[in-house]
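See below for the structure under consideration.
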Amino acid sequence: MFTGIITDVGRVRSLEDRGDLHARIATGYDTGGIDIGASIACNGVCLTVTALGTDAEGHWFDVDISAETVSKTNIGDWQPGTALNLERALKV
């Protein structure tokens, strides 16, 4: 469940077509507090974290996005550098 409150503005770092779309997203979130499998809404689309880390450019997380999701959202317009409104799911 999400509140609708944007808590970070991330950026698309990279996109790769692997049958589904694979995206790496830069974030200000501390990735030490994010679990693999967590849901993060990216421009309102709920996506599942598949990998995460920190490098010289900062914190990042990866998501895999199905072709169906791409076809029903504006994700097909994303490019490296695209700003994304990010919202973490509520904890129960």
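Note that the coordinates shown come from a computational prediction; the quantities given were computed from them, not determined experimentally.
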Backbone N/O of [Y] and side chain of [X]: donor-acceptor pair under 3.5 Å:
| X | Y | value |
| --- | --- | --- |
| Asn85 | Val9 | no |
| Arg24 | Asp62 | no |
| Glu87 | Gly4 | yes |

| request: Identify the heavy atoms of Gly81 and Arg11 that sit nearest to each other, and give their distance. | output: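 Heavy atoms only, the tightest pair is O-NH1, 2.8 Å.
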| Exercise: identify the closest heavy-atom pair between Ala23 and Leu15 | CB-CD2, 3.6 Å
Nearest-0.5 Å distance, [atom1] of residue [X] to [atom2] of residue [Y]:
| X | Y | atom1 | atom2 | result |
| --- | --- | --- | --- | --- |
| Arg88 | Ile34 | CZ | CD1 | 4.5 Å |
| Glu16 | Asp64 | CD | CG | 9.5 Å |
| Asp20 | Glu68 | CG | CD | 11.0 Å |
| Asp17 | Ile65 | CG | CD1 | 11.0 Å |
| Asn43 | Thr82 | CG | OG1 | 8.5 Å |

State, yes or no, whether a side-chain contact exists between [X] and [Y] at a heavy-atom distance under 4.5 Å.
| X | Y | result |
| --- | --- | --- |
| Leu52 | Tyr29 | no |
| Val63 | Ile40 | no |
| Leu86 | Cys42 | yes |
| Trp78 | Leu21 | no |
| Lys72 | Val45 | no |
| His59 | Asp30 | yes |

| Does one hydrophobic cluster hold both Ile36 and Phe61, with members joined at side-chain heavy-atom distances below 4.5 Å? |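 Yes; tracing contacts between hydrophobic side chains, which count when under 4.5 Å, links both residues.
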